[in-house]
Asks: 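Handing you this structure, nothing more for now.
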Amino acid sequence: MIKPRSMTAFLMASVWLASLASSFSVQAQTNNVSALSGEVNVYSARKEALIKPLLDDFTAQTGVKVNLVTGKGDALLTRLTSEGKNTPADVLITTDVGRLERAKAAGVLQAVNNQDLNQSIPATYRDEAGFWYGLSLRSRVIVFNPKKVQKNQLSTYADLADPKWKRQICIRSSSNIYNQSLVSSMIAHDGLAQTEAWINGLVANFARPPRGGDRDQIKAVAAGQCNIAVVNSYYLGAMLNSSNAKEQAAAKKVTLFWPNQGESERGTHMNISGAGITQYAKNKDSALALVQFLSNDKAQQWYGEQNNEYPVRNNITPSQTLKAWGDFKADSLPVDKLAKYNTDAVKAMDRAGWK
């Protein structure tokens with residue numbers, strides 16, 4: 001469970017009541033099927049298996065058919081931009097706030113500023129004007145080989161630049177949006193100069209040139225190619241729950257560590273998957289009802305159980321896999337800041353030779 005920096009019992013009750021009220025409102029919206037069109041078209045960067053069961057449930061409750069197109073996040077944005085007013089898409093679902101902000105900047109999303117969504121989704125995880133809303137949380141964490149590294153040797157992201165970790169760290173390419181957002185968070189907190197010094201130290205500690213995805217970094221630690229990796233936590237969860245025996249075995253050889261948990265530390269870096277209604281949505285009411293549906297109690301619970309991600313709302317209990325990793329303090333930095341510093345992050349990574 002994610003621990004906020006500080007929260008009184010009164011505030012906890014207020015958040016819970018607001019979320020509960022919003023949940024009822026979302027249900028009322030989806031029950032009011034007479035106001036909805038017969039279909040809604042979705043472009044999703046989430047794989048079909050990780051979103052379609054929820055969309056089918058939405059159809060079962062509302063009678064609204066969901067036409068789903070899946071693809072890579074950047075490719076879907078390019079498609080939306082090129083289609084312009086002729087796009088059939090009503091909703092864009094994608095991963096990482098950086099992609100949501102790029103969609104906003106490209107003019108392919110519209111602001112809805114919906115009261116129900118504003119009440120149910122914390123301000124940290126949504127666009128202030130309502131161009132996009134977070135639907136699930138993902139954390140970028142450290143995994144390590146417990147036979148080679150002791151837990152008490154680890155502390156913060158900044159510590160990964162210490163020469164003691166020379167040739168011990170695996171991480172994916174700088175072209176990866178997850179790494180760009182992590183570096184952006186460092187810039188937001190520590191400034192560009194300090195962050196660039198950190199990047200140089202981190203690159204000097206790479207065990208190998210970056211390659212592969214987050215699962216590959218976990219497998220590399222398990223295989224002894226490096227002792228530490230930086231990954232999104234849900235990849236480890238997916239491997240632990242995989243039907244692939246080799247993936248399970250690799251995941252069981254590593255241990256998850258939450259960075260920046262000290263009393264004066266900011267907490268572990270967080271990002272989102274989220275959704276926005278397209279600028280030229282032809283089924284806007286149905287699109288809004290779908291986004292509201294994806295933020296309700298049942299959908300939020302499903303994200304945790306099936307996707308190994310954290311619910312974006314505070315009143316939803318995480319899955320057993322997530323509970324096993326224990327409570328942690330999350331960085332409270334509003335995620336839109338990650339997109340603000342993306343350009344600086346990419347340039348600094350390039351200067352440091354992070355390929």
Side-chain angles (χ1 to χ4, degrees), residues 138-174 176 178-183 185-186 190 195 197-242 244-263 265-271 308 310 320-331 349 352-355:
R138 56 263 307 277
S139 50
R140 199 140 186 83
V141 301
I142 295 170
V143 296
F144 65 97
N145 181 342
K147 293 183 178 180
K148 301 289 184 65
V149 176
Q150 299 299 311
K151 185 177 180 180
N152 61 12
Q153 293 178 274
L154 298 166
S155 57
T156 64
Y157 297 109
D159 180 65
L160 296 178
D162 191 297
K164 69 184 179 184
W165 302 121
K166 191 172 183 65
R167 297 192 183 93
Q168 296 191 56
I169 297 175
C170 282
I171 193 168
R172 65 199 292 180
S173 168
S174 62
N176 173 249
Y178 307 149
N179 285 335
Q180 293 173 12
S181 290
L182 173 61
V183 173
S185 75
M186 303 285 284
D190 303 325
T195 300
W198 170 75
I199 297 171
N200 281 301
L202 178 68
V203 170
N205 290 337
F206 286 177
R208 64 179 188 180
R211 61 177 180 268
D214 280 9
R215 290 175 191 251
D216 297 303
Q217 315 312 313
I218 294 169
K219 292 174 184 177
V221 174
Q225 297 171 17
C226 46
N227 295 331
I228 297 169
V230 179
V231 300
N232 280 0
S233 58
Y234 60 85
Y235 285 106
L236 179 60
M239 290 175 68
L240 287 169
N241 295 312
S242 175
N244 184 313
K246 289 184 178 179
E247 283 208 341
Q248 259 196 40
K252 289 177 180 178
K253 289 182 179 179
V254 309
T255 301
L256 182 146
F257 180 81
W258 300 109
N260 294 72
Q261 295 298 292
E263 186 176 348
E265 294 290 340
R266 56 182 171 261
T268 297
H269 169 66
M270 304 299 293
N271 209 314
N308 300 288
Y310 287 88
Q320 290 302 313
T321 297
L322 304 185
K323 283 183 180 179
W325 292 334
D327 293 350
F328 69 101
K329 179 168 64 175
D331 189 351
M349 295 161 91
W354 184 345
K355 302 299 184 184

Asks: As an exercise, state the distance from OG of S233 to CG of N308, rounded to the nearest 0.5 Å.
Replies: 8.5 Å
Asks: Is the Y157-W198 ring centre distance short of 6.0 angstrom?
Replies: no
Asks: More than 12 non-hydrogen atoms from neighbouring residues, nucleotides or ligands closer than 6.0 Å to CZ on R208, yes or no?
Replies: yes
Asks: Scan V231, V149, V254 and name whichever one has a side chain to side chain contact (heavy atoms under 4.5 Å, CB included) with V221.
Replies: V254
Asks: Are E247 and R215 ion-paired here, with the side-chain N under 4.0 Å from a carboxylate O?
Replies: yes
Asks: Atom NZ of K253 and atom NZ of K219: how far apart are they, to the nearest 0.5 Å?
Replies: 12.5 Å
Asks: Side chains of T321 and N241: any donor to acceptor distance under 3.5 Å?
Replies: yes
Asks: Among all residues two or more places apart in sequence or in another chain, which pass the salt bridge (Lys or Arg N to Asp or Glu O under 4.0 Å) test with D190?
Replies: R266
Asks: Could you give the distance from CG (N232) to CD (Q217), rounded to the nearest 0.5 Å?
Replies: 11.5 Å
Asks: Hey, what do you get for CD (Q168) to CG (N227), rounding to the nearest 0.5 Å?
Replies: 4.5 Å
Asks: Apply salt bridge (Lys or Arg N to Asp or Glu O under 4.0 Å) to K164 and list each qualifying residue two or more places apart in sequence or on a separate chain.
Replies: D159
Asks: To the nearest 0.5 Å, what is the distance between CD1 on I142 and CG on L154?
Replies: 5.5 Å
Asks: Ring-plane angle category for Y178 and Y235, please: parallel below 30°, perpendicular beyond 60°, tilted otherwise.
Replies: tilted
